[in-house]
Each structure stands twice: as C-alpha cells, then as structure tokens.
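Notes for the one structure printed next.
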Amino acid sequence: MTNKLKVGVIGLGSMGSTHLDIYSKINDIEVIAIADSIQSRLDGSSKAEGNISGQAEGGVLGLSVQKYLDGMDLINNPDIDIVDICVGTDLHFIFVEAALAKNKHVLVEKPLARTYDEAKKIIQLAKKKSSCHVMSAMCLRYWPAWVVLKEAIENNTYGECLSLNFKRQTSFPGGAFYSDESQCGGALLDLHVHDTDFINYCLGLPDAVFSQGYKGPSGGVDHVVTNYIFSKTNASPLVSSEGTWAMQEGYGFNMSYTANFENGTLSYLLDEDETLKLFRAGFEPKSIKLKEGMGYEHEIRAFVDEILSGNKTNFDLLLQAAETIAIIEAEKISIETCSVVALEA
Ligand SMILES: NC(=O)c1ccc[n+]([C@@H]2O[C@H](COP(=O)([O-])OP(=O)(O)OC[C@H]3O[C@@H](n4cnc5c(N)ncnc54)[C@H](O)[C@@H]3O)[C@@H](O)[C@H]2O)c1
C-alpha cells in the first residue's frame, strides 16, 4: 500500500470523474485527495456526464479521501505524488505552475493550456524540474484505433499514406466552462485540438494551415474545417480535419477517420459501436480487432509507467502538445483572415 503513487485529482467534471474511474483499476495508484469548488460535486450528490459511453461512470461515489474546495489546498498536501489537473483549460497554467513548485508529478487535461504563450511557460517550468514528470492528456494518441493508424503511417503497412481525413462532431455540451470562449477556446481549441494534435503527432508541424469556420454558442469558433499543408516534404499526404459542437441538440457525438494508403483504406467511426475497417482491392472488407479500453485508460497507464521507470521518455510528447496549440492559433488566424497561415518550426 505504501509503495503506491498517491494521486490528488483537481476538478470533478466529466474528465476528473473519468480519471477517478481509471485510477480505481490501476494497482500502482491510490487516490488520496480530490478537489472541486462545487460542494455537490465534491460530496458526490451531483455528477457530471460524459459525452461518450464509458466516461464519468462512477466518479467520487464511495471514495473516502481528503476533500478540498480549492485545488490549491490539495496541491499543498505533502503526501501527494501526482496532481491530476482536470479543471477548465484557462486554469491549467496556474495549477501546473503551483503543482511543479511543490515538486509534484503533473497530469494535465488537454489542451495543455489556453494559449500557446502559457503552453511555452509550462514547457520551461517542466524543463527546470528534472525530478517531475509532466504529461498533457492528449488521449487520442492512446486510443486503440488511432494507435493502429499511427503504426500504419509509420511502418507503411499498406504502402505510402496518400490522404488522412478526421472528423469530430457533436451538439453543444453546455455548462459555464463550454459557454465561454475565454475559458474553453471554443470547439476550435477544446474539441478539434484532438485531431490537430494527432496530425502533429504523426506527421510533425505542418508548413501551413488553411481553415474556415464559424462562431457558435461559446462565442468563439465552434465549427472548423482545416487543410494542413505539408508542402516541403516530397510525399505529403492530403490532410484535413473537421471539428464542431454546433450540431443541433440530440445529434450525439461521433469521431471518425478515413486514411487512404497505396494498398489499403482504413476507416473508423465511433458512434454507437466502435468499428475499424480495412478495405483492400481483391479482398473482402475486414474489421480490425482493437485493443480493449478507452484512450484515457492507456494514457494514464503510460504516465504511471513513465513515473515508475524514472525516465522522462515522453518529454517530446509534451513539447508536441504545446506546438499543437500554436497550430490551433494559426487556424484561428486563418479563419479570421481567410488566408493560408504559415507555421515556423
Ligand atoms: N480528454 C478528453 O477527451 C476531454 C473531454 C472533456 C473535457 N476535457 C478537458 O478537461 C478539462 C475539464 O473539462 P470538464 O468537462 O470536466 O469541465 P467541467 O467544467 O465540467 O469541470 C471542471 C471542474 O473544475 C472545478 N473547478 C474550477 N476551479 C476550481 C478550483 N479552483 N479548485 C477546484 N476545482 C475547481 C469546477 O467546479 C468543475 O467542477 C478541460 O480542460 C477540457 O478541455 C478533456
């Protein structure tokens, strides 16, 4: 029991509750504290809902741990090894800064920060704290169907990658955080960041982006379509992505991709079911069996393993999560100016 890593979770919305469910399944972890400024979330009498099945199922119910109304008080608890930051995005920077100042390991929900400037400051702080592991919870990197796609791109499993198209569509989540662009960054940052980050993770920083979009209930860009331009490489796939939470109420949530390779097409859709299909000329379409579990589970396991190994193996992934916010900000400028916006490495 004493050798377990001790975790404190700050913010008990859909994500904090989801993380709590996952920690309960990991032997090397013991949650010893939770924090939320809403008393009913802290005592479990109200609970946030997730937007996909498997999110936020149990949450705080049945947890007998220390409880704080202010996340900063949780950070001051000397027994905590890992601070898991699941508050709104505009608060990520101040909580990461405070947790690192107390020499805690930090898991911070995506996006890493509300702005690229804040993300860069987090990188500087994380570099200085050689004993602290910091992870940006970019869960798509660990989502089984996306892991298959990354491997197919890297290993040329079906030949060269010719095109990649990603979609993420839902109706407006509502609530104070998502209704305020200054907190969440609109669907452009909050939702679409998953796909932009995955593209960055697989192919690196694009040379330029061209985006179009419109504003919605957050007050910011809530529907975006982007072309990612990789002009400097010889064999660049055609890359595009659409992210929106502007669909009408009742639409539900879906995420999908279609990836075309020289010798095969991979197509994935998560709505009611989870299916990854492979189409190849001369063969029957085939369903690819996926590793069980959601990306959140594999992501948290990877973070715990990194801490236990003592090696900062995933630091590059943190740098990339920061760069992703630079790409999102370029997409915003592209929408505002209706022009192609270049990115500098
Ligand atoms: N990885 C994913 O797929 C995914 C999905 C949804 C949300 N998120 C991210 O998770 C974060 C939180 O999203 P959410 O939907 O859970 O939001 P939310 O608003 O439902 O929950 C945030 C919680 O933080 C609490 N809080 C705010 N300030 C606090 C403080 N000072 N001390 C303690 N608690 C405080 C709020 O009371 C609230 O309950 C966001 O950054 C969002 O982008 C990630």
Side chains of [X] and [Y], heavy atoms from C-beta outward: is any pair under 4.5 Å?
| X | Y | value |
| --- | --- | --- |
| Lys291 | Val148 | no |
| Ile325 | Ile327 | no |
| Val224 | Gln212 | no |
| Lys286 | Arg280 | no |
| His92 | Glu118 | no |

Tell me whether the guanidinium CZ or amine NZ of Lys150 lies under 6.0 angstrom from the six-membered ring centre of Tyr201 and within 45° of its axis. yes

Quick one: [atom1] on [X] to [atom2] on [Y], what's the gap to the nearest 0.5 Å?
| X | Y | atom1 | atom2 | value |
| --- | --- | --- | --- | --- |
| Lys128 | Ile123 | NZ | CD1 | 12.5 Å |
| Met294 | Ile300 | CE | CD1 | 11.5 Å |
| Ile10 | Ile75 | CD1 | CD1 | 4.0 Å |
| Gln169 | His192 | CD | NE2 | 12.5 Å |
| Ser256 | Leu269 | OG | CG | 5.5 Å |
| Lys121 | Thr115 | NZ | OG1 | 7.0 Å |

Sidechain-backbone polar pair: [X] side chain, [Y] backbone, donor-acceptor under 3.5 Å:
| X | Y | answer |
| --- | --- | --- |
| Tyr296 | Met15 | no |
| Asp222 | Gly186 | no |
| Asn155 | Thr157 | no |
| Asp190 | Gly185 | no |
| Arg41 | Ser46 | no |
| Glu109 | Val87 | no |
| Arg141 | Gly295 | no |
| Asp36 | Leu12 | yes |
| His105 | Leu5 | no |
| Lys104 | Ile80 | yes |

CA sep, side-chain torsions, deciding dist, call: Lys312, Glu306, salt bridge (charged side-chain N to carboxylate O under 4.0 Å, His left out): CA-CA 7 Å; Lys312 281 197 170 187; Glu306 184 191 302; over 6 Å; no

Determine whether the side chains of Asn77 and Gln66 contain a donor N or O and an acceptor N or O closer than 3.5 Å. yes

Before accepting this row, confirm whether a basic side-chain N of the pair Asp195/Arg168 lies closer than 4.0 Å to the acidic partner's carboxylate O. yes

Using a strict threshold of under 4.0 Å (side-chain N to carboxylate O), is an ion pair present between Lys25 and Asp21? no

How close do Ala119 and Leu112 get, heavy atom to heavy atom, and via which atoms? CB-CD2, 4.0 Å

If I compare all heavy atoms of Val221 with all of Gly213, which pair ends up nearest, and what's the gap? CG1-CA, 4.4 Å

Check for me whether the distance between the ring centres of Trp146 and Tyr268 falls short of 6.0 Å. yes

With a 6.0 Å cut-off on the ring centroids, do Trp245 and Tyr178 count as close? yes

For Glu97, enumerate each residue passing the side-chain contact (heavy atoms from CB on, under 4.5 Å) test, keeping only those at least two apart in sequence or located in another chain. Phe93, Leu125

Apply ring pair (Phe, Tyr, Trp, His ring centres under 6.0 Å) to His223 and list each qualifying residue two or more places apart in sequence or on a separate chain. Tyr214

Starting from the C-alpha separation in whole Å, work towards a yes-or-no answer on ring pair (Phe, Tyr, Trp, His ring centres under 6.0 Å) for Trp143 and Phe198. CA-CA 11 Å; Trp143 216 283; Phe198 191 75; over 10 Å; no

Side chain to side chain contact (heavy atoms under 4.5 Å, CB included) for Lys129 and Asn103? Distances and angles first, verdict last. CA-CA 7 Å; Lys129 288 280 174 182; Asn103 297 315; 2.7 Å; yes

